[in-house]
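This report refers to the structure that appears directly beneath it.
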2 protein chains.
Amino acid sequence: MPTKSPVRSRKAQIEQKATALFRTRGFAGTSMRELATELGMEAGSLYSHIRSKEELLHRICFELAELFFAGFSAATQEAGRPVSFQLRLAIESHVRVLTRDVAASAVFLHEWRHLSEPARTEFLALREQYEAGFRRLVQQGTATGELTTPDPAFATLTLLASLNWLPTWYRPDGTLTPDEIGHRLAEQLLRGLAAKEQPSN
Amino acid sequence: MPTKSPVRSRKAQIEQKATALFRTRGFAGTSMRELATELGMEAGSLYSHIRSKEELLHRICFELAELFFAGFSAATQEAGRPVSFQLRLAIESHVRVLTRDVAASAVFLHEWRHLSEPARTEFLALREQYEAGFRRLVQQGTATGELTTPDPAFATLTLLASLNWLPTWYRPDGTLTPDEIGHRLAEQLLRGLAAKEQPSN
DNA sequence: AAAATTTGCTAACGAACGTTAGGAAACATA
DNA sequence: TATGTTTCCTAACGTTCGTTAGCAAATTTT
């Protein structure tokens, strides 16, 4: 009996398919009826496994947030590492999380607006906290002289922008592995912040 | 009688308010009833001025596309300019269009998925064409030796990513003018592609 | 094997949706 | 002022939505 896919619980199937649909159609543009149809069942049956449509979204958002924080911690926890190295590791970790499940990442980055309060505000606070971590790294890097930028906050925005656009173009079946992508992005972005060379004005 | 705002046609008011709502709630998450309420009227009345909800989205998407193309043309039409200079101008033009109406830009970048066919496919083709223009610039720049990157396509993605994340953070009342932002982004991004200095491997 | 639990279908609920059509009110034109 | 046009309210349409509850079937547990 060749089984091509690992057997998943019904709930896991629902979550995976919901993630895919939320990504392509948006949260508000995805109905529970079409989700159920994609799974070969009726919409009413979904509620044997989940509480609500919003619960699906909530899980995607807050579970990915945890992964982002865990990766950032691992990248930056070891004392004594050069700041620019920590920043490189943080970039690479961010890319790893984004590429782990690119549909979930796209949902995470755009569909949070559909969370009800207080989850919505909570999510935004987490996001700000995570970004502040990157900002601190860039600031520390300029303070130590490893990095150069006239505006650390602006540079951080640019950096995160490059990273967070990834779900729009990344394909798991593309030629580059997630680690290669992370490496390249880190290279290019850090090159733009490198302190050794002066830009020609 | 001090009038603070210029008097606009009802249609212009509808379009402006729809743009704002589509930006914050998404196209699918915005109802015609709430749009009408924001304008102090009833939903049924909107149809004296517009044909459909989708027409509003269609206009946002295709009018901005025109602006992007016009800006790119102006940046790259003059023969003899160094490629990296053209790229700089193209970046700055892109930022000018994005910052012209940041809500419309956010809608343009994310809500196109709600266009029906054939408009949806048409829009994606336009987008690809515009991005191909940037790719050509980067490729030409590496061919002339003005720019350096092991992968022009990848570098272009990174560049456009930095630009297209702008609507998430830009505030018209912020400290930087659109031209300043364009200049900074161009500086930082081109610095990451500059051919004169070799990155430390 | 019997009992308990889970799963899924089904019909339905109350609410919400984009839009239409009729008519009154407001405005513009002759 | 009379006429024509536009704007808006209103009620309603047909459709869709997320979800609930009842029950039978399937599965699991005892």
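Keep in mind that the numbers below use all heavy atoms, side chains included, and drop hydrogens, waters and symmetry copies. Lettering follows sequence order; numbering is per chain, from 1.
- What separates NZ of A/K53 from C1' of D/dT20 is a distance of 17 Å, to the nearest Å.
- Checking D/dG18, C/dC9, D/dC9 against every side-chain atom of A/E42, the shortest atom distance belongs to C/dC9.
- The shortest distance between the side-chain N/O atoms of B/Y47 and the OP1/OP2 oxygens of C/dT20 is not below 4.0 Å.
- Using bins of under 30°, 30° to 60° and over 60° for the plane-to-plane angle, the ring pair B/W165/A/W165 lands in the perpendicular bin.
- The backbone N or O of B/T149 lies less than 3.5 Å from no partner atom in the side chain of B/T142, so there is not a single donor-acceptor pair.
- Distance, A/E34 CD to D/dC17 P: 7 Å, rounded to whole Å.
- Sparse packing is recorded around NE2 of A/H183, with 12 or fewer heavy atoms of other residues, nucleotides or ligands lying under 6.0 Å away.
- Closest-nucleotide positions on DNA chain D for B/R33 and B/R10 were compared, and the one nearer the 5' end corresponds to B/R10.
- In the set C/dT19, D/dT19, C/dT7, C/dT7 carries the atom at the smallest distance from any side-chain atom of A/S48.
- Straight-line distance from the CG atom of A/L56 to the P atom of D/dC17: 16 Å, rounded to whole Å.
- Between B/K11 atom NZ and D/dT7 atom P the separation is 11 Å, expressed in whole Å.
- Between B/F72 and B/F134, the two ring planes are tilted [angle within 30° to 60°].
- Closest contact between the side chain of B/M41 and the listed nucleotides C/dG8, D/dT19, D/dC8 involves D/dC8.
- In this structure, A/R127 is positioned above the aromatic face of A/W112, its NZ or CZ under 6.0 Å from the six-membered ring centre and within 45° of the axis.
- Among the protein residues, A/S31 comes within range of the sugar-phosphate backbone only, with heavy atoms under 4.0 Å from sugar or phosphate atoms but none that close to a base.
- In this entry the distance linking CG of B/L39 with P of D/dT7 reads 14 Å, nearest Å.
- Note: CG (B/L46) to P (C/dC17) measures 13 Å, nearest angstrom.
- What separates NE2 of B/H49 from C1' of D/dT5 is a distance of 13 Å, to the nearest Å.
- Here the P atom of nucleotide C/dG8 and the CE atom of A/M32 are 14 Å apart, to the nearest Å.
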